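Worksheet: one structure, shown below.
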Amino acid sequence: MRFSNCLRIFYLYHFYVKNFQYLCTLKMKADMGLELTEQEQIRRDKLAEFTEMGINAYPAELYEVNVTSKDILEKYPQDNSLFQDVSIAGRIMHQRVMGAVSFYELQDSVGKIQIYAKRDELCPGEDKSLYNKVYKRLDIGDIIGVKGFVFTTQTGEISIHVKEFKLLCKSLRPLPIVKTKDDKVYDAFQDPEQRYRQRYVDLIVNPHVKETFIKRTLLVNTMRDFLNKKSYLEVETPILQPLYGGAAARPFKTYHNKLDMTLYLRIANELYLKRLIVGGFDGVYEFSKDFRNEGMSRFHNPEFTQMELYVAYKDYYWMMNLVEEMVGEIAVALHGTTKVQVGDNIIDFKPPWKRYTMYEAIEHFTGTDISGMDEEEMSRFAKSIGVEVDSSMGRGKLIDEIFGEACESHLIQPTFIYDYPVETSPLAKAHRSIPGLTERFEAVCNGKEICNAYSELNDPIDQRARLEDQLELGKRGDNESMVVDEDFLRALEFGMPPTAGLGIGIDRLSMIMTNSASIQDVLFFPQMKPEPKKIVAPDEDFLQIGIEKAWIPVLRKLHINTLQELKEQNPNQLLNQLGGMRKKLKLDVDTVTLEKIENWISKIE
RNA sequence: GUCUUCGUAGCUCAGUCGGUAGAGCAAUUGACUCUUAAUCAAUGGGUCCGGGGUUCGAAUCCCCGCGAGGACACCA
């Protein structure tokens, strides 16, 4: 008994000491808060006030939620007896205070709902401070939990009548204010730089952004289900690779200390998945984050996601069928139909898709049959349609460039292009009947490649020759060519069954399926250059040359953040400025003198 | 990498010919017991991205950076 009393005293003591320390911290921050904007400072002051009133702005215990905004808005109109005892939590997005009554909009993970609170109900007694000092002074962005019942207001909006509320998190930064009326959005938060750098803000204020990412996940889940239903095995292969291969791209290079070796971040996982087919799996796939050290654009991010699939005893025709079926299913899962609006076009993913050989496509769009041309004729033709040609380009590269220039951007509806030249397809099996071509196809949609697939090359001797040809190309100045992966060749020499392989760009497909113009819109955190950071010297630097602590934030306010910057000041001017700031901020410090300032400056190295 | 557009208050933006930096929302204070882009009144808030230059005077004109968007190049 005595022991437990001691414990209680100890805990009480502990609580007060901690709270006191916290208050001190808050006040201190408030004092040195000269770098904060006015609105941020006001929010911190409010936080300190709340704390002083005994309100914990960051409570630890869970808050029971028994309903979502969406549930209420969907089901309440059908049955007004529902939701008479709800508990819900969310972020305050909008406040309309009418004196003793207030309407807030609360945003939870699936939507928004209006909440209604009345002073005399929240504060039945004489003391109205819970409403006047706390509820009314909550800010946009604060997260609260409320309990009450659902009703319809006089103007017909389904709302929650608040009987009690609890602050769950005080927000210290003002959110962008986006207003909506009749589906028209005012002051939309759409500066791309801020949206991508601070995606959390983007997600809070732009509900359609959340939709995009939910669709992306649904896309991935649908694809995974589709593949699992066919009993293919989802696997994981190395991201850190001693040799990079499986695509033509420049890699990111890194270093392992203990092994004392260079490693590369994978540009593709193709060669590892094929080793697994050699090992005896009939179907393997991986959603693979790949990394390519190249230029960025609205279609390219340094890291991106591909799904690669390899299935034994199949060929590329079979794989075409799988792709159109799978992507068709994805469209239906996301949109309820195979027709998807993308920009100004409606794209229909309903199988079967159009199929052209590469030569057919070029002939279709240019009117010229290039299949019989030699390298020189082809080079002339390429130049004539505006392709930049250089000496490192072989025949295959030329065909590829001609296709890119003349055809790709015109292919809006999903179309398979197949039978690619052997020179640019070092991992694809030679065509069963046409020399110089490979059994490879790409699906092009909305003018962009969305996937790439082959009947995989499983002839180890041909494979070695092709990889060596790539090295030869490398010597001609084509820096994308690959390194020979001896272990991969060794695996092929044990024998890989005939296999169909596929790589499908998840980001590109997401762009199309969500009607997004930029890859940055389907990546939560697209790569950005770092934000420029101000260099701010620590307090000690200033203290060391004899500056009183109170003046340090003032100097920072004047944008004097380092001793070097201080040294460059005109002492007379600084004297005036410091005097001015002292008055303006009503600082409780002795005035500075010119002598003192000169003394500071003289001590700087 | 090249070309091009942009960078002003917490947010969205205006700023004329180079002459005291503005609006709406947000914030603060006050009024308001069913509002909804709530309303009404008052108030505060600025490194005009950074650094140079021209000028009596620069948010504005010129140069050099930084960051972002777009196009091209690159990327099968």
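Owing to the predicted nature of the structure, the values given are computational and were not obtained by experimental measurement. Keep in mind that the numbers below use all heavy atoms, side chains included, and drop hydrogens, waters and symmetry copies. Within every chain, numbering begins at 1; the chains are lettered A, B, ... in the order of the sequence lines, protein sequences first and strands thereafter.
- Between B:A59 and B:C13, the two C1' atoms lie 15 Å apart (nearest whole Å).
- Note: A:F441 and A:F416 have perpendicular aromatic rings, judged against thresholds of 30 and 60 degrees for the angle between ring planes.
- Nucleic acid contact class of A:F304 (heavy atoms, under 4.0 Å, all strands): none.
- Between the P atoms of B:A27 and B:C72, the separation comes to 43 Å (whole Å).
- Remark: P of B:G67 and CD of A:Q527 are 13 Å apart, rounded to the nearest angstrom.
- Using a 4.0 Å cut-off, no side-chain N or O of A:Q194 falls inside it from OP1 or OP2 of B:A68.
- Base contact: A:N452 has a heavy atom under 4.0 Å from a base atom.
- Of all nucleotides present, only B:C64 satisfies the Watson-Crick or G-U wobble test against B:G50, with each distance under 3.5 Å.
- Figure legend. B:U2 is base-paired to B:A71; pairs are counted as Watson-Crick or G-U wobble with both atom distances under 3.5 Å.
- When rounded to the nearest whole Å, the span between CZ of A:R197 and C1' of B:G69 equals 13 Å.
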Tabulated below should be each protein N or O lying under 3.5 Å from an N or O of nucleotides 25-30 of chain B; please produce it.
{"residue": "B:C25", "atom": "O3'", "partner": "A:K179", "partner atom": "NZ", "Å": "3.0"}
{"residue": "B:A26", "atom": "OP1", "partner": "A:K179", "partner atom": "NZ", "Å": "3.3"}
{"residue": "B:A26", "atom": "N3", "partner": "A:Q39", "partner atom": "NE2", "Å": "3.0"}
{"residue": "B:A27", "atom": "O4'", "partner": "A:Q39", "partner atom": "OE1", "Å": "3.4"}
{"residue": "B:U28", "atom": "OP1", "partner": "A:K46", "partner atom": "NZ", "Å": "2.7"}

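- Between the P atom of B:U35 and the CD1 atom of A:I92 lies a distance of 20 Å, rounded to the nearest Å.
- Within the nucleic acid shown, A:Y420 has no heavy atom closer than 4.0 Å to any nucleic acid atom.
- Remark: A:D202 engages A:R195, A:R199 in a salt bridge (Lys or Arg N to Asp or Glu O under 4.0 Å) (not counting sequence neighbours).
- Judged as a side chain to side chain donor-acceptor pair (under 3.5 Å), and not counting sequence neighbours, the contacts of A:Q194 are A:D191.
- Looking at heavy-atom distances under 4.0 Å, A:K529 makes contact with sugar-phosphate atoms alone, never a base.
- With sequence neighbours excluded, the residues satisfying side chain to side chain donor-acceptor pair (under 3.5 Å) with A:K170 are A:D139, A:D142.
- Going from the P atom of B:C6 to that of B:G10 covers 23 Å, rounded to whole Å.
- Nucleic acid contact for A:Q520: sugar-phosphate only, since backbone atoms but no base atoms lie under 4.0 Å from a heavy atom of the residue.
- At the heavy-atom level, A:E449 lies under 4.0 Å from the strands shown only through sugar-phosphate atoms.
- Base pairing of B:C56: its partner is B:G19, meeting the Watson-Crick or G-U wobble criterion (both donor-acceptor distances under 3.5 Å).
- To the nearest whole angstrom, the two C1' atoms, one in B:G22 and one in B:C48, are 12 Å apart.
- Among the atoms of the strands shown, only primed sugar atoms or phosphate atoms (P, OP1, OP2) are found under 4.0 Å from some heavy atom of A:D191.
- Pair assignment for B:U33 gives none, since no Watson-Crick or G-U wobble pairing has each distance under 3.5 Å.
- A:D120 places its CG atom 12 Å from the P atom of B:C34, with the value rounded to the nearest Å.
- Between A:R96 and B:A38 there is a side-chain polar atom (N or O) within less than 4.0 angstrom of OP1 or OP2.
- Counting any heavy atom pair closer than 4.0 Å across all strands shown, A:R173 reaches no nucleic acid atom.
- In this structure, A:K448 is positioned above the aromatic face of A:F299, its NZ or CZ under 6.0 Å from the six-membered ring centre and within 45° of the axis.
- Looking at residues two or more places apart in sequence or on another chain, you find a ring pair (Phe, Tyr, Trp, His ring centres under 6.0 Å) between A:F149 and A:H161.
- One C1' atom belongs to B:A9, the other to B:U4, and the distance between them is 29 Å to the nearest Å.
- Within 4.0 Å (heavy atoms only), A:V205 reaches no atom of the nucleic acid at all.
- Across all strands shown, A:F441 has no heavy atoms under 4.0 Å from either base or sugar-phosphate atoms.
- Residue A:T153 is classed as a base contact, given a heavy-atom separation below 4.0 Å to a base.
- Two rings, from A:Y196 and A:F525, have their centers 6.0 Å or more apart.
- One interatomic measurement links the two molecules: NZ of A:K181 to C1' of B:U35, which rounds to 13 Å at whole-angstrom precision.
- When the nucleotides B:U12, B:U33, B:A68 are ranked by their closest atom to the side chain of A:A100, B:U33 comes out on top.
- Remark: A:Q114 engages A:R96, A:S159 in a side chain to side chain donor-acceptor pair (under 3.5 Å) (not counting sequence neighbours).
- In this structure, B:G44 forms no base pair with any nucleotide, since neither Watson-Crick nor G-U wobble geometry is met with both distances under 3.5 Å.
- B:C56 and B:A68: their P atoms are spaced 38 Å apart (whole Å).
- Between the side chains of A:D419 and A:Y316, a donor-acceptor pair is found at a separation under 3.5 Å.
- Rounded to a whole angstrom, the distance from the P atom of B:U60 to that of B:U55 is 16 Å.
- Looking at A:Q154, its side chain has no donor and acceptor atom pair within 3.5 Å of the base of B:U35.
- Residue-level contact check: A:E105 touches neither bases nor backbone, having no heavy atom under 4.0 Å from any strand.
- Separating the NZ atom of A:K118 from the P atom of B:U33 is a distance of 11 Å, rounded to the nearest angstrom.
- To the nearest 0.5 Å, the span separating OH on A:Y420 from NE2 on A:H431 amounts to 13.0 Å.
- Spacing of C1' atoms, B:C32 relative to B:G18, comes out at 48 Å, to the nearest Å.
- If you take CD of A:Q190 and P of B:C11, they are 14 Å apart, rounded to a whole angstrom.
- In this structure a side-chain-to-backbone donor-acceptor pair under 3.5 Å is present from A:T153 to A:E157.
- Mapping A:F189 and A:S518 onto RNA chain B by nearest heavy atom places A:F189 closer to the 5' end of the strand.
- Pairing partner, B:A26: none, since no Watson-Crick or wobble contact has both distances short of 3.5 Å.
- A straight line from OH of A:Y116 to P of B:U33 spans 11 Å, rounded to a whole angstrom.
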